[in-house]
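For reference, the structure is listed below as structure tokens.
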Amino acid sequence: KVEHAKALTTLEPSLEPIPSAKNQVPVEGVSAKPQRQPSEKNKPIRKRWFIGSAVVGLGVIFVLIKVLTGGGTTPPVPTITPAPTTSAAIMTEIPPPPTDTAATPIPTQAPVEIAGKITLWYVELEDQEELAFSNLIDRMEEAFPKLTLFTQIVPVMDIDSRYSSQVKAGLGPDLVLTGILSVQDPSIEESYIDISDLVKGRLDDYLPDAMIQVTNNEKVYGIPQSIQSVVFWYNKDMLPEPPATTDDLLSIMEWGSPVSMSMTNCFNNYGFYGAFGGQIFDAEGQVIADQSQGVINAIEYLNGLNAVAKSNGWPVDESNYISFFQSGNAAGLINGNWLINGYRAELGDKLAVTALPGGPGGPATPFYGVRAFYFNPNSENLEVAVEVASYLTSQESLTYMMNEAYIIPARTDVEITDPLLKDLEKAINTGYTIPLWKGTQPQDYWANFCGLDQVFNQGMDPVDWVKTAAENARSQ
């Protein structure tokens with residue numbers, strides 16, 4: 001089973017620059033990020049860089065494409081979790097988001113002394129998550145005065161390609177917090193180092209499926225932080241009961257309930273293939289999308305949703321489908337939990353979540369995403385970098401991040417008490433795919449099965465589209 005994706009919002013436009021870390025080369029496009037105003041709750045943020053500009057929409061998909069290329073053998077068929085025994089939606093009332101960031105204690109200690117100079121890159125986060133993560137890092141530095149931690153924020157579309165280019169030059173940060181769809185390809189060793197010996201016996205409390213994503217041939221390459229997936233968000237004032245099946249979803253839209261989704265987003269839409277019994281790859285990794293009706297039926301279904309949405313003037317592309325929901329104009333939204341802070345800030349206790357609707361082929365099976373810390377083979381302080389990641393993913397640290405930034409921790413020993421997050425965890429676990437992709441499989445999918453605009457907007461027959469995509473993928 002395996003990976004993620006994430007989206008982002010724009011952070012503050014200017015930052016206080018810091019000196020370059022020893023193992024880092026200048027990157028074009030670095031700009032300064034503003035120092036946060038001090039308060040009794042939060043200290044000023046030190047040593048933060050922002051690289052590049054914010055990326056929206058399909059940047060989520062592009063980053064996955066860039067990091068997943070490379071040779072290798074073909075994998076077993078992607079693992080899909082079974083549907084639960086009941087598909088009833090949870091209707092628990094959700095309290096408004098907490099506003100007091102001091103409510104959750106911030107970890108101040110780790111079980112071992114941490115000392116040295118470390119550079120950490122991490123993906124651009126929503127404002128609230130960025131503040132919580134920055135606070136966590138600041139408290140870590142206070143607890144370990146011999147630790148100097150330089151951090152850089154990198155847009156999600158750029159982080160993996162920039163990291164890889166620096167590693168190839170013998171440079172780069174000591175560790176990076178990012179999401180990788182699969183570490184199964186042997187080429188993973190070109191950019192990331194096996195940390196198995198350094199974490200032996202220390203990862204028993206991390207989610208088993210999250211560990212699958214960061215493990216290849218019994219070698220551990222990462223330490224999981226949080227899990228993500230595509231789910232169905234809804235506004236309880238507009239939609240008291242969410243759709244449990246694909247028929248239900250089509251029906252509520254036909255009756256006039258606006259549901260916002262990016263119809264051509266082949267990351268968000270992947271889960272519908274499983275709902276109609278479709279498979280892109282077989283157990284040997286060969287493309288079989290055109291050899292049964294599942295994928296074709298899913299695309300025909302999505303084309304029907306697209307027609308209903310367009311006839312009502314609802315968003316169908318990346319430009320405004322999220323804001324349409326957050327502003328209270330849509331009853332539902334199909335997207336991941338990486339923007340949960342924005343949803344909650346705008347909708348408060350009206351926000352609810354459930355799994356993507358299941359279909360005639362079973363539960364929907366969206367990609368299972370894991371954000372994790374990975375480590376640079378060029379690092380001169382690998383042991384210290386592992387300790388930093390261990391601290392930032394400890395039970396105490398992830399409890400703090402869960403309460404303040406609404407992440408779903410990639411640990412089994414963090415108790416989720418927030419009703420909305422409980423529903424989110426259940427929605428993610430209803431059904432998902434962890435693709436153990438190797439060889440050309442990433443390119444086979446992203447390069448050939450993402451042109452759904454040809455069906456939705458240009459009128460191409462779904463049967464012909466699937467046939468063409470599959471034949472092109474097999475010929476590569």
Side-chain angles (χ1 to χ4, degrees), residues 5-9 55-62 64 157 229-235 238-239 242-243 245-276 278 295-339 342-343 346-347 353-357 359 364 366-367 445-446 448-466 468-469:
K6 59 204 89 11
L8 50 98
T9 56
V55 182
V56 295
L58 288 177
V60 173
I61 298 172
F62 295 151
L64 298 174
M157 190 180 75
S229 192
V230 176
V231 291
F232 187 87
W233 301 94
Y234 62 103
N235 184 327
M238 300 177 68
L239 188 65
T245 68
T246 51
D247 285 344
D248 292 342
L249 176 57
L250 178 59
S251 178
I252 65 169
M253 291 177 67
E254 289 177 335
W255 280 95
S257 292
V259 174
S260 194
M261 61 186 294
S262 176
M263 294 296 176
T264 59
N265 187 321
C266 59
F267 184 88
N268 285 5
N269 291 342
Y270 185 89
F272 285 102
Y273 297 143
F276 284 85
V295 174
I296 295 170
N297 290 345
I299 293 175
E300 289 177 339
Y301 171 79
L302 291 171
N303 195 29
L305 297 185
N306 180 67
V308 174
K310 289 173 68 174
S311 67
N312 285 279
W314 305 333
V316 293
D317 57 32
E318 297 286 329
S319 62
N320 63 341
Y321 80 108
I322 294 173
S323 61
F324 190 71
F325 174 73
Q326 288 186 178
S327 61
N329 291 309
L333 169 72
I334 293 176
N335 201 32
N337 58 304
W338 41 83
L339 293 178
Y343 309 151
E346 295 295 329
L347 297 175
V353 66
T354 189
L356 284 184
F367 289 120
Y445 181 70
W446 303 117
N448 297 291
F449 290 89
C450 290
L452 286 169
D453 178 74
Q454 294 174 310
V455 175
F456 300 154
N457 299 318
Q458 299 176 28
M460 188 173 182
D461 185 271
V463 175
D464 294 336
W465 188 89
V466 173
T468 300

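All values below come from the heavy atoms of this structure, side chains included, with hydrogens, waters and symmetry mates left out.
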[X] versus [Y], closest heavy-atom pair with distance:
| X | Y | value |
| --- | --- | --- |
| Pro366 | Val230 | CG-O, 3.5 Å |
| Ala364 | Leu356 | CB-CB, 3.6 Å |
| Glu346 | Gln326 | CB-O, 3.3 Å |
| Met238 | Gly328 | SD-O, 3.4 Å |

Approximate separation, where rounding is to 0.5 Å, of [X] [atom1] and [Y] [atom2]:
| X | Y | atom1 | atom2 | result |
| --- | --- | --- | --- | --- |
| Ser260 | Ile322 | OG | CD1 | 8.0 Å |
| Ser262 | Asn269 | OG | CG | 7.0 Å |
| Phe449 | Thr468 | CZ | OG1 | 10.0 Å |
| Leu452 | Asn306 | CG | CG | 9.5 Å |
| Asn268 | Phe367 | CG | CZ | 10.0 Å |
| Asp453 | Cys266 | CG | SG | 12.0 Å |

_According to ring pair (Phe, Tyr, Trp, His ring centres under 6.0 Å), who are the partners of Phe232, at least two apart in sequence or on a separate chain?_
none
*Stepwise side chain to side chain contact (heavy atoms under 4.5 Å, CB included) check, Leu333 with Tyr321*: CA-CA 8 Å; Leu333 169 72; Tyr321 80 108; 3.6 Å; yes
*Going by atom types alone, do Asn329 and Ser327 pair a side-chain donor with an acceptor below 3.5 Å?*
yes
*When you check the side-chain N and O atoms of Thr245 and Asp248, is any donor under 3.5 Å from an acceptor?*
yes
*Give the intermediate values and the outcome of ring-ring contact (aromatic ring centres under 6.0 Å, His included) for residues Tyr343 and Trp233.*
CA-CA 9 Å; Tyr343 309 151; Trp233 301 94; 5.0 Å; yes
Donor-acceptor under 3.5 Å ([X] side chain, [Y] main chain):
| X | Y | result |
| --- | --- | --- |
| Asn335 | Met261 | no |
| Trp314 | Ser257 | no |
| Asn297 | Phe276 | no |
| Tyr234 | Pro243 | no |

_Residues Asn457, Met263; criterion side chain to side chain contact (heavy atoms under 4.5 Å, CB included); working and verdict_ = CA-CA 10 Å; Asn457 299 318; Met263 294 296 176; over 6 Å; no
*Is there side-chain contact between Tyr273 and Ile299, with at least one heavy-atom pair below 4.5 Å?*
yes
*Verdict with supporting geometry, Leu302 and Val455, side chain to side chain contact (heavy atoms under 4.5 Å, CB included)*: CA-CA 10 Å; Leu302 291 171; Val455 175; over 6 Å; no
*Is the distance between the ring centroids of Tyr270 and Phe267 under 6.0 Å?*
no
*asked:* Set out, in order, the CA-CA distance, both residues' side-chain angles and the distance that settles side chain to side chain contact (heavy atoms under 4.5 Å, CB included) for Phe456 and Asp317, then state yes or no.
replied: CA-CA 11 Å; Phe456 300 154; Asp317 57 32; over 6 Å; no
